[in-house]
Amino acid sequence: MQKYTPKDIEEKWYKAWGKNNLFAPSGQGAPFSIAIPPPNVTGTLHMGHAFQHSIVDALIRYQRMKGRKTLWQMGTDHAGIATQMLVTEQLAKENVSPSQLGREQFIQRVWDWKERSGKTISNQLRKLGASLHWDTERFTMDAGLSNAVNEVFIKLYEDGLIYRGKRLVNWDPLLKTSLSDLEVESKEEKGSLWHLRYPIADLEGEFLVVATTRPETMLGDTAVAVNPEDTRYKKYIGKTINLPITQRKIQIIADQYVDPDFGSGCVKITPAHDFNDYDVGKRHGLELINILNANGTLNDQAPKAYEGLDRFDARKKIVEELSSLDLIEKIEDHISAIPRGERTGEIVEPFLSDQWFVSADLLAENAIKVVENGEIDFLPKNTENIYFAWMRNIQDWCISRQLWWGHQIPAWHDQEKNIFVGRSEEEIRAKYSLATNVNLDRDKDVLDTWFSSALWTFSTLGWPEKTKELKTFHPTSVMVTGHDIISLWVSRMIMMSLYFLEEVPFKKVYVHGLITDANGQKMSKSKGNGLDPTDIIEGISLKGLVKKRTSNLMQPKMSQKIERNTIKEYPEGISAYGTDPLRFTFQSLASGSKSVSFDVKKVEGYRNFCNKLWNAGQYVLSKIEKKESKPILDAKINLDVNKWIQSELQACIRAVDFAMETFRFDLAVKAIYEFVWNEFCDWYLELTKPVLQSDESSDDEKNETKKTLITIIESILRLIHPFTPFISEEIWQKIPREYKEAADYIMVANYPISDSTLTDEQASKNICWLKETVTAIRNIRGEMDISPVRKIPIIISRGTEQDRLNLEKFEPLLKALIVPESITWKEPEDHNPLAATAIAGTMELLVPMENLIDKESELTRLSKELTKKNKEFEAIKKKLDNPNFIDKAPKAIVEKEDLKRQRLDEVIKNLEHKKSQILEI
RNA sequence: AGGAAUGUAGCUCAGUUGGUUAGAGCAUCGUCUCGACAAGGCGAGGGUCGUCGGUUCGAAUCCGACCAUUCCUACCA
C-alpha cells in the first residue's frame with residue numbers, strides 16, 4: 001500500500017484543474033468574488049501571504065462548491081519603491097547608477113526584471129493550491145490599469161480634488177522622493193538633546209537657551225518662540241537673536257505652541273524642516289529657509305564651510321563650532337521617536353518641495369458613512385476602529401513620488417509654470433488651444449503605488465470600460481487583508497470606489513492576524529527567525545536554512561546568533577510537510593486574534609492528521625469493490641452504528657457551515673478534525689470491522705455498512721476540500737464513480753449539505769452507551785496494566801432494562817472492542833466477586849480480581865474515582881441546599897441538578913461499598 | 001499622552017446569548033507490533049480562568065478598579 005507522501009499527490013492536480021479550466025467562473029449561481037491583495041510582482045511568497053491566500057482559497061473553494069459563480073481575480077502590483085530599489089541595487093553590482101542609464105533605459109531594466117522574476121510568486125501561489133483565475137491576470141502597470149489610473153487622476157483633478165503645491169513632506173534622502181505619512185515608521189531611538197545658547201542682539205552676555213535633537217537645522221532657523229504668558233521671556237518678545245554661525249538676525253516671537261514648562265521654554269523655529277515649526281512659521285509669516293539638497297546634503301543656504309556636507313557630518317561640525325564658541329549649555333542623552341522610511345530605513349527629513357495631493361475630506365466623509373451604515377462590515381467587528389480612527393482624522397494624501405518606476409503623472413507644465421492635466425500632450429494642446437511655440441514639459445513625478453492599488457477591485461475588472469465582469473463581480477464579496485493595511489489600502493479603495501462607481505468595493509473586510517514565530521516574535525530578516533512557506537512544503541536541510549537566514553544580513557554580526565538559534569530550533573532542518581498540512585495549519589490559526597504564532601510542530605500535527613485521513617481512505621477503499629456496487633448502493637441503513645455516524649456527519653457539516661459564515665476558519669477545521677479523527681477513525685472504522693469480518697453478520701448488514709463507509713468518507717473529502725485541496729482530490733479520484741457525486745473533480749463537486757432527516761438521536765444515544773462502556777473497561781485495562789489482547793471476564797451489574805437491551809444488541813461490537821473472556825449479566829441482588837469496578841451511567845462494570853488485579857492499585861483507583869465523584873457531589877449539593885437557587889433558577893436547571901445528585905449519590909455508595917469489600921480482604 | 005486589544009494547562013490557543021466535572025493540539029508519563037494508520041492505538045497526570053471588588057441563585061463569560069503585555073495614533077523642541 002502506498003504511503004501518504006504529499007509531494008507525490010500534490011503536484012499533478014493543480015495542472016489538471018487548470019487544464020480543465022476549473023479556475024474560471026462558471027455556473028449560474030449568485031456571483032462570489034474576491035480580488036487578490038496584489039503581491040509585489042518581483043517579490044516572493046512569505047508566511048503572511050501564504051496565510052492570507054490559504055484563507056481566501058478556502059473561502060473561494062467553499063463558495064465554488066456551493067454553486068456560486070466564483071471569481072478569485074489574480075493580479076500583481078508594481079511596488080514602485082521596493083522594485084526601483086531592488087533594480088538599483090542590481091545595477092550597483094555592475095557599477096552602474098540609474099542616472100548613468102537614464103530614465104527610459106532604467107525603466108526598461110525594470111521591465112526586464114519583471115519578466116524574469118514575475119513568475120516566482122505566481123508559481124508559489126500555484127504550489128499553494130490557490131484557485132486563482134489566471135486567464136484574466138492583471139498588473140498595475142499594464143495598459144488597461146494605467147489607463148484607469150490616468151482617468152481617475154484627470155477626473156479628480158478636474159473636480160478639484162487633486163492639487164499641486166509646495167509643501168513640507170516626508171522626504172527620503174536616499175531615494176530622493178517624498179513619502180506618505182503611512183510609509184514612515186517612527187520608533188524611539190537613543191540620541192542627544194543639545195541645549196544651545198542663542199545670543200540676544202543688543203544685550204551683551206544675555207542668551208536664550210533652545211534645545212534641539214537636530215542641531216544642524218539651526219542654519220535654517222528663522223525665529224525663536226516663547227509662550228506669550230511666560231513671564232521670564234515676555235520682555236524679550238520682539239527683540240532679535242544673533243543666530244550663531246550664520247550671522248543672521250532672527251526674531252523672538254510669542255506663540256501658544258510653546259510649552260513653558262518643557263525645557264527652557266524657548267523653541268528654535270525652523271519652518272522649512274519641521275512640521276510644527278512650519279505651522280508656527282505660517283502663523284507669523286516667517287521666512288522658509290531650506291538648507292537641504294534632495295540627497296540630504298546641505299545646500300547653498302548654509303555657510304560655505306557647510307555647503308555640500310551630509311546632514312549628519314554637518315551636525316557634528318555645528319556642535320564642534322558652537323562648542324568652540326561656548327554656545328552649548330549642555331548635552332543630554334535623549335530618547336525620541338525617529339522617523340524612518342519604511343523601505344529604506346533611512347532617516348526621513350521634512351522637506352519643502354512641489355508635490356501633488358489628493359484632498360481627502362470629501363472622499364473620507366462618504367467612506368465613513370458606508371461602514372457606519374453597514375454597507376461594509378469589518379470582521380472581526382472591532383477592526384473597524386482602526387479604520388474610523390484614521391478616516392476621521394484624515395490628512396491630504398501626497399501622491400507624487402520622485403521615482404521613475406510607476407505611473408507618470410499625466411500633467412504638463414509650460415514655461416510660465418501653468419499646469420495642464422490630460423491624456424496626452426496633443427489632447428492638451430487642442431483643448432487649451434496652445435500655440436506650437438509653447439513648450440510643454442511632462443511632469444516627471446510618478447504616482448504612489450497605492451494610488452493605482454486603490455482602484456484595484458474595479459480596474460482589474462476592466463473599468464473604465466463597462467465590462468460584463470465589472471457588472472457581474474463588483475462590488476466584490478470580501479476583502480481579506482491584514483490590519484496593517486487597513487489605512488494604507490482598504491480605506492483608499494473604499495474612497496475611490498465610492499467616488500467613481502458609486503458603490504462599495506467589497507461588502508466585507510475580513511482582517512486576519514499577523515504571523516509571528518513560535519515565540520510570538522515578529523518574523524524578520526534581521527532577527528533571522530523568518531520562514532519560507534516553500535521550505536515547509538518541500539522541506540529544507542539545516543544547512544540550507546541557516547544559509548538562507550544568514551545571507552544578505554544588514555547586520556552581519558547577528559549571523560552567529562541566528563545560526564545558533566536555528567540549530568536549536570531546527571536541529572534536523574524542516575521536513576517536507578506538503579501544502580495540505582500547511583494550509584490546514586493556517587486555517588487552524590485563523591481565529592480572529594491579532595497575532596498568531598506559527599510553530600512547525602503544528603504543521604507536523606496536521607500532517608499526521610492528513611496521514612490519518614489518508615489511511616482511513618485506504619481502509620475504506622480496501623473494503624469496496626466495484627463489481628458489487630449494486631447491492632451496496634441499494635442497501636437500507638438499519639444498524640445503529642451507521643445511523644450514528646451519519647448523524648455525526650450532519651452535525652459536523654452544520655458546524656462547518658456556521659464557521660464559514662462567521663469567518664471562523666479555526667472552528668471549521670476543528671470540527672472536521674475532531675469528527676474525522678475522534679469519531680470516524682477512532683470509533684466508526686473500528687466498529688465496522690466486526691460487522692464486515694464476522695460470519696455472524698448478514699449480507700444486508702455488511703452492505704449497509706460498506707455503503708455508509710463510502711458515503712461518509714466521500715462526504716468528508718468534499719467537506720475538507722476547501723482546506724486541503726490536494727489530498728481530498730487524490731483520494732476522491734480513487735473512489736469508483738458510482739459511489740460518488742457526479743463530477744469530474746472534487747474541486748467542482750457539490751459541497752455537502754446537512755440533512756436533518758439523517759439525524760437519529762436514539763442511535764446516537766445507543767452508540768454513546770457503547771462508547772462509554774468500552775471506555776470504562778479500557779480504563780481498567782490501562783490502570784491495571786492488563787494487555788489489550790488478554791481476555792478478561794466482565795460482569796455487568798446494577799444495570800437497567802435499557803442497559804440489558806443495549807448489551808444484547810451490541811454484544812458482538814463490545815466483544816470486538818474490549819476483548820472479553822466472557823460478559824455476564826448479573827441482577828442487583830446477585831452476589832458479586834471481588835472485582836475492579838468502573839461506572840458507566842449507573843451501571844457497574846466489574847473485572848474480577850483473581851490473578852488479574854492488584855489490591856493496592858484497585859484501591860488507589862477507587863479512591864481517585866471517589867474523590868472526583870465526591871467533589872462533584874459536594875458542588876451540586878451546595879447548589880441544591882441554597883433556597884435561592886431552588887427559587888430563582890429555571891426549573892429545568894434545578895431538576896437537572898437534582899437528577900444528577902441522585903445518580904451521583906448512588907454511584908458514590910456503590911464505590912464505597914466496593915472499597916470496603918476490598919479492604920476486608 | 002490618547003485609543004484599542006490581550007491575559008485560560010509547561011507551550012500555542014478554543015470556550016456562542018452567564019447554567020453539568022473549563023476543552024483541544026503539542027509537550028509529559030504509563031502501556032501496546034491488535035490486518036487502515038508507530039506520522040499509530042489505548043490509558044493517565046496537569047488549570048484558584050492576571051489580581052481585587054461588584055452584579056447574580058449561579059461568573060472564565062457581565063460591570064468597575066488595578067497589574068502585566070502588545071499594537072495603533074500623536075508626540076515637547
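Residue numbering restarts at 1 for every chain, and letters A, B, ... go by the order of the sequence lines.
The residues A:Glu730 and A:Lys734 are annotated as salt-bridged, a charged nitrogen and a carboxylate oxygen being separated by less than 4.0 angstrom. Contact check on A:Lys527 versus A:Asp517 returns no salt bridge, with no Lys/Arg side-chain nitrogen under 4.0 Å from an Asp/Glu carboxylate oxygen. A salt bridge does not link A:Lys601 to A:Asp599: none of the charged nitrogens lies less than 4.0 Å from a carboxylate oxygen. Ion pair A:Arg903/A:Glu872 not flagged as a salt bridge, since none of the NZ, NE, NH1 or NH2 atoms sits closer than 4.0 Å to an Asp/Glu carboxylate oxygen. In summary, A:Lys879 and A:Glu897 engage in a salt bridge, as defined by a charged side-chain N under 4.0 Å from a carboxylate O.
Of the candidates B:C71, B:G19, B:C37, B:C37 carries the atom nearest the A:Lys612 side chain, counting heavy atoms from C-beta on.
Nucleotide B:G40 forms a pair with B:C32, judged by Watson-Crick or G-U wobble geometry with both contacts under 3.5 Å. Of all nucleotides present, only B:A1 satisfies the Watson-Crick or G-U wobble test against B:U73, with each distance under 3.5 Å. Under the Watson-Crick or G-U wobble criterion, with both distances below 3.5 Å, B:C57 is paired with B:G19. Taking a pair to require two hydrogen-bonding distances under 3.5 Å in either a Watson-Crick or a G-U wobble arrangement, B:A65 pairs with B:U51. With a cut-off of 3.5 Å on both pairing distances, the Watson-Crick or G-U wobble partner of B:U12 is B:A24.
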Side chain to side chain donor-acceptor pair (under 3.5 Å) assessment of A:Thr705 paired with A:Lys623 | CA-CA 10 Å; A:Thr705 300; A:Lys623 299 294 172 202; over 6 Å; no

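Backbone-only engagement by A:Thr213 is indicated by non-hydrogen atom pairs under 4.0 Å involving sugar-phosphate atoms exclusively. A:Leu621 comes within 4.0 angstrom of nothing in the nucleic acid, heavy atoms only. Within the 4.0 angstrom heavy-atom criterion, base atoms lie near A:Arg607. Residue-level contact check: A:Cys610 touches neither bases nor backbone, having no heavy atom under 4.0 Å from any strand. Among the heavy atoms of the strands lying under 4.0 Å from A:Thr212 are primed sugar atoms or P, OP1, OP2 only; no base atom is included. Residue-level contact check: A:Thr775 touches the backbone only, with heavy atoms under 4.0 Å from sugar-phosphate atoms and none from bases. Across all strands shown, A:Ser336 has heavy atoms under 4.0 Å from sugar-phosphate atoms exclusively, and none from any base. Residue A:Glu897 is out of contact with every strand shown, counting any heavy-atom pair closer than 4.0 Å. Within the nucleic acid shown, A:Asn882 comes within 4.0 Å of sugar-phosphate atoms alone, with no base atom in reach, counting heavy atoms only. Nucleic acid contact for A:Tyr4: base, since at least one base atom lies under 4.0 Å from a heavy atom of the residue. Among the heavy atoms of the strands lying under 4.0 Å from A:Asn779 are primed sugar atoms or P, OP1, OP2 only; no base atom is included.
B:C66 and B:G58 are spaced 26 Å apart, taking the P atom of each and rounding to whole Å. The gap from the P atom of B:U55 to that of B:G64 amounts to 15 Å, rounded to the nearest Å. B:U56 sits 9 Å from B:G18 when the C1' atoms are compared, rounded to a whole Å. B:U17 and B:A59 have their C1' atoms separated by 14 Å, with the value rounded to a whole Å. A gap of 13 Å separates the P atoms of B:U48 and B:A60, to the nearest Å. Rounded to a whole angstrom, the distance from the C1' atom of B:C11 to that of B:A27 is 8 Å.
At a cut-off of 3.5 angstrom, counting only N and O atoms as typed in the model, there is no donor on one side facing an acceptor on the other between the side-chain of A:Lys3 and the base of B:A36. Between the side chain of A:Glu686 and the base of B:A36, a donor-acceptor pair under 3.5 Å is found. Remark: the A:Lys602 side chain and the B:C26 base include no donor-acceptor N/O pair separated by less than 3.5 Å.
Atom NZ of A:Lys868 is separated from atom C1' of B:G46 by 13 Å (rounded to the nearest Å).
With A:Tyr619 as the aromatic partner, A:Lys689 meets the cation-pi criteria of under 6.0 angstrom to the ring centre and within 45 degrees of the ring axis.
Place A:Thr5 and A:Pro890 on RNA chain B by their nearest nucleotides, and A:Pro890 ends up nearer the 5' end.
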